[in-house]
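Per chain, numbering begins at 1; letters A, B, ... match sequence-line order.
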Protein chains: 2
Amino acid sequence: MRSILEAAERVLAENPAASMEQIAEASNVARTTVHRRFASRQALIDALAASTVERLAQAIEDGRPDTAPPLVALHRITANVLQFKSAWGFALGLPATEGSEATTTQEEIARRCMGLLVRAQDQGVIDSQADLDWVRRVYYALIGEALHDSPEDADPDVLAIKIVDTLLHGAGPRTR
Amino acid sequence: MRSILEAAERVLAENPAASMEQIAEASNVARTTVHRRFASRQALIDALAASTVERLAQAIEDGRPDTAPPLVALHRITANVLQFKSAWGFALGLPATEGSEATTTQEEIARRCMGLLVRAQDQGVIDSQADLDWVRRVYYALIGEALHDSPEDADPDVLAIKIVDTLLHGAGPRTR
DNA sequence: AAATATTGCAACAGTGGTGATGCAGTTATC
DNA sequence: GATAACTGCATCACCACTGTTGCAATATTT
């Protein structure tokens with residue numbers, strides 16, 4: 001059950017169009033068995049997406065987004081998410097069914113993130129004029145980009161520093 | 001010929017797994033005709049990717065990346081690319097064959113971009129400590145993100161300002 | 001050990017896409 | 001206007017994937 005989802009993660013990460021056969025093979029199970037657990041390919045994908053996004057939400061929660069000081073939370077959450085995504089990230093981009101559990105949780109995560117950004121803005125960590133929706137999307141993009149080339153080797157904390165620094169100060173010259 | 005590629009762009013943008021049939025239909029042509037022009041599905045995709053990335057390179061060149069002042073070039077190129085990508089951007093993410101014409105041109109574009117960033121750094125527009133490879137990827141990501149929600153309506157110049165500003169200064173408080 | 005559930009295997013029908021071909025009608029070229 | 005090129009259409013063989021089922025073998029429970 002869980003092992004099938006794990007195998008699916010691995011296989012689909014390499015080839016999003018992989019067949020049920022390949023997934024079954026990767027989890028050392030007959031294709032029929034997969035079909036017995038998951039009525040359809042879509043059902044499997046939904047289950048995978050839901051399970052993964054659920055754990056992502058947990059990793060974020062561990063950073064205490066609405067109680068820790070914004071900067072601290074930002075760092076901790078970034079590091080947690082990096083670590084999680086580098087191992088399980090693929091399934092988060094999976095095309096889950098409209099209105100599925102995965103989608104709902106994703107939205108919940110976005111709300112959590114916005115809440116954190118609002119607190120950061122209130123405390124002057126983010127410019128008061130900033131478009132927080134844009135900031136959030138940039139934040140997401142930076143995380144994705146950081147993983148794009150430093151998959152295994154890099155220390156999540158180091159990467160997190162880089163991301164938060166870029167998010168807040170950009171690439172322009174430092175005036176201090 | 002060209003009209004088929006244009007239709008393919010439109011159709012594949014909505015559904016990357018679209019069939020030759022759907023592409024043919026969208027270009028008001030019989031499926032056989034498509035097959036007569038493009039030996040295989042992959043050949044069509046390669047041609048589409050090559051043609052598109054070629055025009056992107058032109059749009060970048062129009063911004064004079066290695067003669068105009070870095071900030072000016074950055075703005076102009078960003079606006080040009082935004083405009084181009086909002087209309088034709090999808091095909092740029094297409095899985096072209098290894099070592100195809102499209103891939104080569106992509107690399108050429110990346111080199112052009114790096115050259116511009118180096119000049120920007122030399123002139124103090126970008127921090128002398130900055131990791132230019134990272135900056136370039138962040139730049140790409142910002143462009144992608146900007147298009148993600150403002151597809152048609154927005155003025156490319158306004159978006160370009162937002163992107164360059166974020167790239168150089170981030171979301172932190174303004175000290176001026 | 002007996003009963004139950006789970007699995008692998010083989011086989012099947014169904015679907016949908018790919019790529020090719022022959023032919024007849026249409027369009028462009030000279 | 002004749003010729004050559006192109007197109008649509010119908011059809012074909014072929015393949016890969018999905019989803020189902022029956023059955024025998026294997027694990028699990030009790």
Side-chain angles (χ1 to χ4, degrees), chain A residues 1-54 88-103, chain B residues 1-54 88-103:
Chain A
M1 189 72 197
R2 169 135 300 272
S3 74
I4 292 179
L5 287 182
E6 286 169 11
E9 219 287 329
R10 263 178 287 138
V11 173
L12 291 176
E14 276 197 2
N15 171 21
S19 67
M20 298 293 265
E21 180 70 55
Q22 292 172 276
I23 293 172
E25 186 186 6
S27 57
N28 298 313
V29 122
R31 187 173 65 92
T32 23
T33 303
V34 178
H35 276 293
R36 287 198 186 97
R37 293 269 173 292
F38 304 96
S40 72
R41 181 194 177 79
Q42 189 58 48
L44 186 157
I45 288 183
D46 284 349
L48 175 57
S51 146
T52 311
V53 80
E54 195 61 49
W88 304 99
F90 166 75
L92 298 171
L94 241 40
T97 298
E98 187 82 16
S100 67
E101 188 189 335
T103 315
Chain B
M1 189 73 195
R2 169 135 301 272
S3 73
I4 292 179
L5 286 182
E6 286 170 11
E9 219 286 329
R10 262 178 287 139
V11 173
L12 291 177
E14 276 198 2
N15 171 21
S19 68
M20 298 293 263
E21 181 69 56
Q22 293 172 272
I23 293 172
E25 186 186 5
S27 57
N28 297 313
V29 121
R31 187 173 65 92
T32 13
T33 303
V34 178
H35 275 292
R36 287 197 185 96
R37 294 269 172 293
F38 303 97
S40 71
R41 181 194 178 79
Q42 188 59 47
L44 186 156
I45 288 183
D46 284 349
L48 174 57
S51 145
T52 311
V53 80
E54 195 62 48
W88 304 99
F90 166 75
L92 298 171
L94 241 40
T97 299
E98 186 81 16
S100 67
E101 190 189 333
T103 315

For atom [atom1] of [X] and atom [atom2] of [N], their distance in whole Å:
{"X": "B:Gln22", "N": "C:dT18", "atom1": "CD", "atom2": "C1'", "value": "14 Å"}
{"X": "B:Glu21", "N": "C:dT15", "atom1": "CD", "atom2": "P", "value": "17 Å"}
{"X": "B:His35", "N": "C:dG19", "atom1": "NE2", "atom2": "P", "value": "5 Å"}

Item to check | Non-neighbouring partners of A:Asn15 that pass side chain to side chain contact (heavy atoms under 4.5 Å, CB included), sequence neighbours left out | outcome: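 Per chain and number, A:Asn15 pairs via side chain to side chain contact (heavy atoms under 4.5 Å, CB included) with A:Ala17, A:Ala18, A:Gln22.
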
Checklist outcome for this item: For nucleotides 4-16 of chain D, 5' to 3', base contacts (B), sugar-phosphate-only contacts (S) and non-contacts (-) with protein non-hydrogen atoms under 4.0 Å give --SBBBB------

Kindly give the heavy-atom pair with the smallest separation between [X] and [Y], and that separation in Å.
{"X": "A:Ile45", "Y": "A:Pro95", "answer": "CG2-O, 4.0 Å"}
{"X": "A:Ser27", "Y": "A:Ala7", "answer": "CB-CB, 3.3 Å"}
{"X": "B:Ala102", "Y": "B:Ala96", "answer": "CB-CB, 4.1 Å"}
{"X": "A:Thr97", "Y": "A:Asp46", "answer": "OG1-OD2, 2.6 Å"}

Checklist entry - Under 6.0 Å from the CD atom of A:Glu6, do we count more than 12 heavy atoms belonging to anything else shown? => result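 Correct, the count exceeds 12.
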
Next on the checklist: Expected output is a numbered-order residue list: members of residues 38-52 of chain A with a heavy atom under 4.0 Å from any atom of DNA chain C. What is it?
Outcome noted: none

Checklist entry - Looking at B:Glu9, B:Arg10, B:Glu14, which hits side chain to side chain contact (heavy atoms under 4.5 Å, CB included) with B:Phe90? => result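 Passing option: B:Glu9.
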
Checklist entry - Among side-chain atoms of B:Arg31 and B:Ser19, is any donor-acceptor pair under 3.5 angstrom? => result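 No, because no side-chain N or O of B:Arg31 sits under 3.5 Å from a partner of the opposite role on B:Ser19.
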
